[in-house]
Amino acid sequence: MDAASFNILLHAAAYILEVFGVSLFIIFLYVIYVDCVLPAWSKLRGFSVKELAKLPEVRGRELGVASECCICLDSVEPEDPVRLLPGCNHGFHSACIDAWLSRQPRCPLCRSDVRLEPPDQGTRGDSGSVV
């Protein structure tokens, strides 16, 4: 085998190893994506229509103070349907917050997680108050 043939074989072997290495790297990235990224994103899925119906709905006049919906930036009128988010108690037009929460389960104002289940009541102290 002469030097030119050996050089061609050497370059072919290097190319095969390079392609194999890149393929392994792509497989590695896919495994990381499936194991780490997708589970984190699945926690950020929005609520279904049935889940949204569980959120409390009141009228704008029940908010007490004149307010503005931070999603549409329109004022909340006394007869407007408003949803109150459990936990933070922020209020928004029902249509606005339903559209928001169908994409992500966080309050658009304070970014706290919106939970549909009632929060833990905690432990009761001697005075009967929640601690």
Side-chain angles (χ1 to χ4, degrees):
M1 175 181 286
D2 62 345
S5 298
F6 181 74
N7 199 12
I8 291 173
L9 283 175
L10 185 63
H11 283 304
Y15 177 74
I16 289 170
L17 287 175
E18 185 178 337
V19 169
F20 182 71
V22 169
S23 299
L24 281 179
F25 183 68
I26 290 172
I27 291 169
F28 172 75
L29 289 179
Y30 177 75
V31 168
I32 295 296
Y33 175 77
V34 168
D35 287 347
C36 298
V37 175
L38 285 182
W41 281 354
S42 68
K43 293 177 185 174
L44 294 177
R45 74 164 186 81
F47 294 125
S48 68
V49 174
K50 287 183 180 180
E51 292 170 321
L52 289 171
K54 295 178 184 179
L55 293 173
E57 187 173 78
V58 296
R59 293 289 172 197
R61 67 176 163 270
E62 295 177 46
L63 292 179
V65 295
S67 66
E68 182 178 271
C69 176
C70 75
I71 299 172
C72 69
L73 302 178
D74 197 9
S75 63
V76 176
E77 300 298 327
E79 293 303 315
D80 288 345
V82 175
R83 285 205 194 277
L84 293 175
L85 299 183
C88 64
N89 286 325
H90 289 131
F92 309 93
H93 290 122
S94 293
C96 298
I97 196 63
D98 287 355
W100 179 276
L101 292 175
S102 69
R103 292 179 185 87
Q104 58 182 324
R106 297 186 193 281
C107 173
L109 195 57
C110 66
R111 301 292 187 194
S112 64
D113 289 335
V114 175
R115 302 192 188 281
L116 296 177
E117 62 272 356
D120 286 341
Q121 296 299 318
T123 57
R124 297 207 175 263
D126 293 335
S127 64
S129 62
V130 176
V131 182

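By convention here, the first residue in the shown sequence is residue 1. Atom set for the values below is all heavy atoms of this structure, side chains included, hydrogens, waters and symmetry mates excluded.
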Undergrad: Please report the interatomic distance CG(Leu101) to CD(Glu51), rounded to the nearest 0.5 Å.
TA: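 CD of Glu51 is found 10.0 Å from CG of Leu101.
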
Undergrad: State, with a plain yes or no, whether a side-chain heavy atom of Cys72 is found less than 4.5 Å away from one of Phe92.
TA: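 The answer is no, as the side chains (C-beta and beyond) never meet within the 4.5 Å cut-off.
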
Undergrad: Would you give the length of the straight line joining atom OG of Ser112 to atom NE2 of His90, rounded to the nearest 0.5 angstrom?
TA: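 Reported value, rounded in 0.5 Å steps: 7.5 Å.
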
Undergrad: Keeping Arg83 on the side-chain end and Val58 on the backbone end, is there a donor-acceptor pair under 3.5 Å?
TA: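 Pair absent, no side-chain N/O of Arg83 close to backbone of Val58.
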
Undergrad: To the nearest 0.5 Å, what is the distance between SG (Cys69) and CD1 (Ile97)?
TA: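 Spacing of SG (Cys69) from CD1 (Ile97) equals 7.5 Å.
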
Undergrad: How long is the gap from CD on Glu79 to CZ on Arg59, to the nearest 0.5 Å?
TA: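 The CD atom of Glu79 sits 6.0 Å away from the CZ atom of Arg59.
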
Undergrad: Going by atom types only, do Ser94 and Glu57 share a side-chain donor-acceptor pair under 3.5 Å?
TA: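 Note: Ser94 and Glu57 side chains meet the donor-acceptor criterion.
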
Undergrad: If a pair satisfies side chain to side chain donor-acceptor pair (under 3.5 Å) and one of its residues is in residues 10-24, list it, with sequence neighbours excluded.
TA: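 Matches after skipping sequence neighbours: Asn7-His11.
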
Undergrad: Could you tell me if the side chain of Pro86 sits less than 4.5 Å from the side chain of Leu55, heavy atoms only?
TA: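 A side-chain contact exists here, since the closest heavy-atom pair is under 4.5 Å.
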
Undergrad: Could you grab the distance from atom CZ of Arg103 to atom CG of Asp98, nearest 0.5 Å is fine?
TA: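 One gets 11.0 Å once the value is rounded to the nearest 0.5 Å.
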
Undergrad: Can you name the nearest heavy-atom pair linking Leu85 to Pro108, along with the distance?
TA: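 Taking Leu85 first and Pro108 second, the nearest heavy atoms are CD1-CD, 4.4 Å.
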
Undergrad: Using side-chain heavy atoms (C-beta onward) and a distance below 4.5 Å, is Leu109 in contact with Cys88?
TA: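 Side-chain contact under 4.5 Å: no.
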
Undergrad: Under the 3.5 angstrom rule, does the side chain of Trp100 hit a backbone N or O of Arg106 as a donor-acceptor pair?
TA: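 Looks like yes, one N/O pair under 3.5 Å.
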
Undergrad: Supply the atom-to-atom distance His93 NE2 to Asp80 CG, rounded to the nearest 0.5 angstrom.
TA: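 One gets 4.0 Å once the value is rounded to the nearest 0.5 Å.
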
Undergrad: Can you check side chain to side chain contact (heavy atoms under 4.5 Å, CB included) on Leu73 and Glu68, steps first, answer last?
TA: CA-CA 6 Å; Leu73 302 178; Glu68 182 178 271; 4.1 Å; yes

